[in-house]
2 protein chains.
Amino acid sequence: MGVTDRKEREKTEMRELIRATAMKMFLEDGYAKTSIRSIADAIEYSPGTIYLYFKDKDELLYEVQGEAYGRLLEVFKKEATSTDPLEKLRQVGRSYINFGLQNPELYDLMFIIRAPMNVDEEIHKANGGNCFSFLVDCLDDCIKKNLLRLKDIEQASLLIWATAHGLVSLNLRCRLKIMDQPEEAIPQILIKSMEDYLAAVTI
Amino acid sequence: MGVTDRKEREKTEMRELIRATAMKMFLEDGYAKTSIRSIADAIEYSPGTIYLYFKDKDELLYEVQGEAYGRLLEVFKKEATSTDPLEKLRQVGRSYINFGLQNPELYDLMFIIRAPMNVDEEIHKANGGNCFSFLVDCLDDCIKKNLLRLKDIEQASLLIWATAHGLVSLNLRCRLKIMDQPEEAIPQILIKSMEDYLAAVTI
DNA sequence: CAAATATAATGAACACCGTTCATTATGCAA
DNA sequence: TTGCATAATGAACGGTGTTCATTATATTTG
């Protein structure tokens, strides 16, 4: 039965088309401003068709989230390559912040947007797990070699992630306008802050 | 003309009624899930009436934000009273995190929600300025007495705020489910993390 | 090949949303 | 009491996510 094979292939292709289109539109206009209707328009299908391939808009979000986490992990692998554990940690920090600054809508959808993944934590572990592991492994090296003031790996990972996320997300929500800094200076300030932070926790 | 006085009083009272009702509903159900219609319902007026007192839903948000910042500042003043600058800093950190954990919807609306304050930065400075100043003053003491590894006050304020915000907001968005920790343990982990962080940047 | 069937796509409809505005009701001044 | 300014209304507009009876298409069967 070559027919059922083709059918299945067509089905996954259609799913892929919707996913890719959604990704593109989320990236450009953000999740909230991208409507199911507009996605349907873009692929020249009717709105109802989307629902034959995805349960709801959230499922589309999860799918795109997965891809986004994949991209972040790729960035880590490409940019955090130092053999010196501390330098590698600094590279991870820089990469994370740059990723957030360069892909604001993607970052939003990965870490800030509200979606009921509150319940389904498995999806989320799978999605973000690899990225978090990269950080944990990196810190593991540093702590084992006694390079940091922080001793608990999980707690240290949480702290460093929280700091980087705090910097990026406060900026994305324009909360740094409270400081007297020009717009253009912000990226460097964030990077510098992260580096100062890492320096402070380094022995 | 006592009439115009009363008119004016009634007008501000109505505005206040709407604001208070909105505050209550935002706190309970969140900003997104609270509709203008439902606010109108609650005060037994028609939806259109709201627009006689507020330009749009965002203006209502700003108003509530202002009150929320006021509450946070009150918490700071009440809970961060130590004369020891470092202990006071720790108290601020704990208060901030507890505030976020105990008022998730309020925290959301203050720091996470997207609203076009992107343009109007003055509003925001006025709103959050006092809270930020409290932190800055606190840090100023610490740095002047050479108690911290961080030397730039503004950068240090940014870092500490970012760390606390990172911890709270990652938790609010359930991103900490990635770690193998039971739900109940999270508050203590966040507090402990913040304390460990402050300890690490303390000389 | 034709008819029957299974599958895919449709798009109108539903219940919401924020917002506007012509219409109506109200309370005060003349 | 009449006229008028002000306040309140609620239907209407254009949007949203989502559902589902209907229609079109493609495959299998007789």
Side-chain angles (χ1 to χ4, degrees), chain A residues 1-19 21-22 25-26 28-65 105 108-109 113-117, chain B residues 1-19 21-23 25-26 28-65 105 109 113-119:
Chain A
M1 274 297 156
V3 175
T4 53
D5 286 7
R6 176 173 54 79
K7 280 271 167 99
E8 196 154 324
R9 204 174 55 238
E10 280 174 356
K11 203 153 177 119
T12 64
E13 271 171 10
M14 184 65 166
R15 229 187 111 94
E16 181 49 33
L17 173 65
I18 296 172
R19 197 178 67 95
T21 307
M25 298 179 73
F26 288 171
E28 281 171 12
D29 310 322
Y31 176 76
K33 285 189 181 172
T34 304
S35 68
I36 294 285
R37 282 175 172 83
S38 67
I39 296 172
D41 259 18
I43 60 171
E44 295 181 300
Y45 277 83
S46 83
T49 305
I50 309 263
Y51 289 87
L52 299 177
Y53 297 88
F54 292 90
K55 188 176 139 283
D56 52 23
K57 204 185 171 189
D58 279 339
E59 195 173 305
L60 219 32
L61 174 62
Y62 300 145
E63 209 82 2
V64 171
Q65 258 177 1
E105 291 296 349
D108 219 280
L109 142 182
I113 270 183
R114 207 166 207 174
M117 72 193 58
Chain B
M1 275 295 155
V3 176
T4 52
D5 286 6
R6 177 172 54 80
K7 281 269 168 101
E8 197 155 324
R9 204 174 56 238
E10 281 173 356
K11 205 159 175 110
T12 64
E13 270 170 11
M14 184 65 166
R15 228 186 112 93
E16 183 49 34
L17 174 63
I18 296 172
R19 199 178 66 96
T21 308
M23 174 59 140
M25 297 180 74
F26 289 171
E28 280 171 14
D29 310 324
Y31 177 75
K33 286 189 180 173
T34 304
S35 67
I36 295 285
R37 283 174 171 84
S38 67
I39 296 171
D41 258 19
I43 60 171
E44 296 181 298
Y45 278 83
S46 83
T49 304
I50 308 264
Y51 289 87
L52 298 177
Y53 297 88
F54 293 91
K55 190 175 137 283
D56 52 22
K57 203 186 171 188
D58 279 338
E59 195 173 306
L60 217 33
L61 174 62
Y62 300 146
E63 208 82 3
V64 171
Q65 257 176 3
E105 291 297 350
L109 145 180
I113 269 183
R114 209 168 205 168
M117 71 195 61
N118 310 344
V119 191

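Owing to the predicted nature of the structure, the values given are computational and were not obtained by experimental measurement. Just so we're on the same page: letters track the sequence lines, and every chain starts at 1.
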Novice: In whole angstrom, give the distance that lies between atom CD of A/E13 and atom P of C/dA8.
Specialist: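 It is 14 Å, rounded to the nearest whole Å.
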Novice: CG of A/L60 to OG1 of A/T34: how many Å apart, nearest 0.5 Å?
Specialist: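 That separation rounds to 9.5 Å.
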Novice: Using five pairs at each end of the helix from C/dC1-D/dG30 to C/dC28-D/dG3 to define an axis, what is the angle between those two axes, to 10°?
Specialist: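 That helix gives 30° between its end axes.
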Novice: Given D/dT18, is OP1 or OP2 found less than 4.0 Å from the side-chain N or O atoms of A/K55?
Specialist: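 No, no such contact exists.
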Novice: Short question: side chain of B/R15, backbone of B/Y53 - any donor-acceptor pair under 3.5 Å?
Specialist: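 Present.
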Novice: Does A/Y53 reach a base, just sugar-phosphate, or nothing at all? Heavy atoms under 4.0 Å.
Specialist: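 Sugar-phosphate: the residue A/Y53, judged by heavy atoms under 4.0 Å, touches backbone atoms but no base.
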Novice: Roughly how many Å is it from CZ in B/F54 to C1' in C/dG18, rounded to a whole number?
Specialist: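 Interatomic distance, CZ of B/F54 to C1' of C/dG18: 16 Å.
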Novice: What's the spacing between B/I39 CD1 and B/T49 OG1 if we round to 0.5 Å?
Specialist: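 B/I39 atom CD1 to B/T49 atom OG1 measures 12.5 Å (nearest 0.5 Å).
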Novice: To the nearest Å, how far apart are B/E10 CD and C/dT26 P?
Specialist: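 Distance check: B/E10 CD to C/dT26 P gives 15 Å.
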Novice: Is a donor on one side and an acceptor on the other found under 3.5 Å between the side chain of A/D56 and the backbone of A/E59?
Specialist: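 Side chain of A/D56 to backbone of A/E59, a donor-acceptor pair under 3.5 Å: yes, one is there.
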Novice: Counting any heavy atom closer than 4.0 Å, what does A/T34 reach on the DNA or RNA strands: base, sugar-phosphate only, or nothing?
Specialist: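 Sugar-phosphate contact only - A/T34 comes under 4.0 Å of backbone atoms but never of a base.
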Novice: Tell me which of A/G48 and A/K33 sits closer to the 5' end of DNA chain D, going by the nucleotide each one is nearest to.
Specialist: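 Going by which nucleotide is closer to the 5' end, it is A/K33.
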Novice: Mind calculating the distance between CG (A/D41) and C1' (C/dG11) to the nearest angstrom?
Specialist: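 The distance from CG of A/D41 to C1' of C/dG11 comes to 12 Å, rounded to the nearest Å.
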Novice: DNA chain D: B/M14 or A/D56, which has the more 5' nearest nucleotide?
Specialist: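 Its nucleotide being nearer the 5' end, the pick is B/M14.
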Novice: Tell me: CD of A/E8 to C1' of C/dT7, nearest whole Å?
Specialist: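 It is 14 Å, rounded to the nearest whole Å.
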Novice: I'd like to know if A/R37 reaches the base of D/dG15 with its side chain such that a donor and an acceptor end up less than 3.5 angstrom apart.
Specialist: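 No, no donor-acceptor pair under 3.5 Å.
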Novice: Rounded to whole Å, how long is the line connecting atom CD of A/E59 with atom C1' of D/dG17?
Specialist: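 These atoms are roughly 15 Å apart.
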Novice: Return no unless some side-chain N or O of B/T49 is found under 4.0 Å from OP1 or OP2 of D/dT9.
Specialist: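 Answer yes for this pair, as a side-chain N or O of B/T49 is under 4.0 Å from OP1 or OP2.
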Novice: Specify the separation, in whole Å, of atom CG of B/L52 and atom C1' of C/dT20.
Specialist: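 Nearest whole value for this atom pair: 11 Å.
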Novice: Is there a side-chain polar atom (N or O) of B/S35 under 4.0 Å from OP1 or OP2 of C/dC17?
Specialist: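 Answer yes for this pair, as a side-chain N or O of B/S35 is under 4.0 Å from OP1 or OP2.
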Novice: Between D/dT9, C/dG11, C/dA8, which nucleotide has the shortest distance from any of its atoms to the side chain of A/S46?
Specialist: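 My answer, after comparing the listed nucleotides, is C/dG11.
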Novice: Ion pair present between A/R19 and A/E16, side-chain N to carboxylate O less than 4.0 angstrom?
Specialist: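 Yes, A/R19 and A/E16 are salt-bridged.
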Novice: So does A/E10 have more than 12 non-hydrogen atoms from other groups sitting under 6.0 Å from CD?
Specialist: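 Atom CD in A/E10 is packed in, count exceeds 12.
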Novice: Rounded to whole angstroms, how far apart are CD1 on A/I50 and C1' on D/dT19?
Specialist: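 The distance from CD1 of A/I50 to C1' of D/dT19 comes to 15 Å, rounded to the nearest Å.
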Novice: Please check if the number of heavy atoms outside A/E8 that lie under 6.0 Å from its CD is greater than 12.
Specialist: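 Open: at most 12 neighbouring heavy atoms sit under 6.0 Å from CD of A/E8.
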